[in-house]
Amino acid sequence: MNGAELVKYTFPIIIFIFWIYTSHKEKSKKISLGCLFFSSIVACSQNFEFIYRQIHQLIQILLCVCFLTNLANKGSLPKASYILIIFLGFVVASLIAAPFDQDAKAQLINIIICAIISCFLLQIVDSTLTFSIFLRYIGSLASISAASGLMEFFIDQQLRIESTFANPNYCALFLGIGWCSVFSLGKGLSKWIQLSLITSALILTGSRAGLLLPIFQILWILYIQRNFLKTFLYTILSLTIILFILASGLTRFSATEDTAGSDSERLIFAKIAINMAGDHPITGVGWGRFVTEFANYSSSVDKIELENGVIDASLQERRVTHNDFLRILAELGWPAMITCFFFIFKSGSYLLKYKAYTITALFPIWAGLVVFSLLHNNLNTALTWFFLLIPFHLRMRAMRNFYHTQ
């Protein structure tokens, strides 16, 4: 058994033991269920060893049942959930105008489950305090995940660790979210130990997008505090970290051939997505069907010649966009894309106007997820939807509480 397999078999057990400990400490059924979801994201959602993936699916079903039960009793949805309903409307419209094949069926089920679980999590977050509890828990999970990634690296001596995840980039995303959470809410020596641990693991993932979250966190602190001395110190710290990463030789950042090939593929996939939207401007090719239609459009774009080879899309089959915005454009059409940009703009304006509701980790996490979606496909998890919807959710709750006190 190599290091990667050892981590994937053993660390989910550690994560769930930590969840049991947290549940006993918090003594809240709702918080326990929310923490169960975040634990499952780390331990099981991309872990295909043993039966962990099936456990994640069972946990999702449990949370869906809990939400539907609460909905039946209370009869109301969180206001921010109507954004998801609008998105689901675009999804249904796209599938009415497209073949309802296996890819479409699978992705429709996935987005419905994501919507239900996201709404359930929003129901739980009744205050910024509850949200902060979840952020602290995510920070602890990121520390555990970072420890497992370092263990994987020391055993295998292999670059680009992935911990219990199936891909280094998604591992880096969660570590980045955890880094921001620990930086904002951690205290004392344990905070700096956790940050050092997570930073080391982040570097070893080799993910450019994941490393943006700590940078966004530092920039956000500078923006809201506007302190010259801190600005100077954080700038020096940031430059030191970046120079260390570039000079370390531990990651693929210095491997220009790898990054050039990855970037060229993304450029080709972007052109294919635009071509699909050109043929289906109103409803797209159908939700989940980019991979189905890829072969039909792969010859419509030119090859890209690199020093170490040629990127030829016509030789490939069933690829994804590696960009959520392009996925929406190709699969749902221009109306959905324009609505998506409006949603992002409004969310960002709320966070800037109200200084992220005094939660210093919120804006960096939100901005990091938006940028991450420019480089990867990340709409198939409720974790992403939860953080994208939180700005609207907290704004709606603040308005309701204001009017209730008048």
- Query: Would you say S32's side chain and S23's backbone share a donor-acceptor pair under 3.5 angstrom?
  - Reply: no
- Query: What residues form a ring pair (Phe, Tyr, Trp, His ring centres under 6.0 Å) with Y52, not counting sequence neighbours?
  - Reply: F50
- Item | Those residues that, when tested against F341, pass ring pair (Phe, Tyr, Trp, His ring centres under 6.0 Å) (two or more places apart) | F325
- Message: For a quick test of reading the model, state the closest non-hydrogen atom pair linking A172 to T205 and the distance between them.
- Response: CB-OG1, 3.4 Å
Residues that [X] engages under side-chain contact (heavy atoms from CB on, under 4.5 Å), provided they are two or more places apart:
X: L68; value: none
X: S28; value: K30, I31
X: L58; value: none
X: L375; value: A209, R266

List, one per line, each side-chain donor-acceptor pair under 3.5 Å for residues 267-284, sequence neighbours excluded.
residue, atom, partner, partner atom, Å
N275, ND2, K271, O, 3.4
N275, ND2, S300, OG, 3.1
D279, OD2, Y297, OH, 2.8

Who are the side-chain hydrogen bond (donor to acceptor under 3.5 Å, both in side chains) partners of [X], not counting sequence neighbours?
X: S163; result: S145, S148
X: S94; result: none
X: N378; result: T384

- Message: Once you measure the plane-to-plane angle for Y350 and Y354, does it fall in the parallel (<30°), tilted (30-60°) or perpendicular (>60°) bin?
- Response: tilted
- Note on the structure: Contacts satisfying ring pair (Phe, Tyr, Trp, His ring centres under 6.0 Å) that involve residues 68-124 (not counting sequence neighbours) are F87-W287, F87-W385
- Polar side chain donor-acceptor pair, N377 to T321, under 3.5 angstrom: yes
- Message: Between H56 and S45, do the side chains contain a donor N or O and an acceptor N or O under 3.5 Å apart?
- Response: no
- Message: If the condition is salt bridge (Lys or Arg N to Asp or Glu O under 4.0 Å), which residues does E293 pass it with, not counting sequence neighbours?
- Response: R289
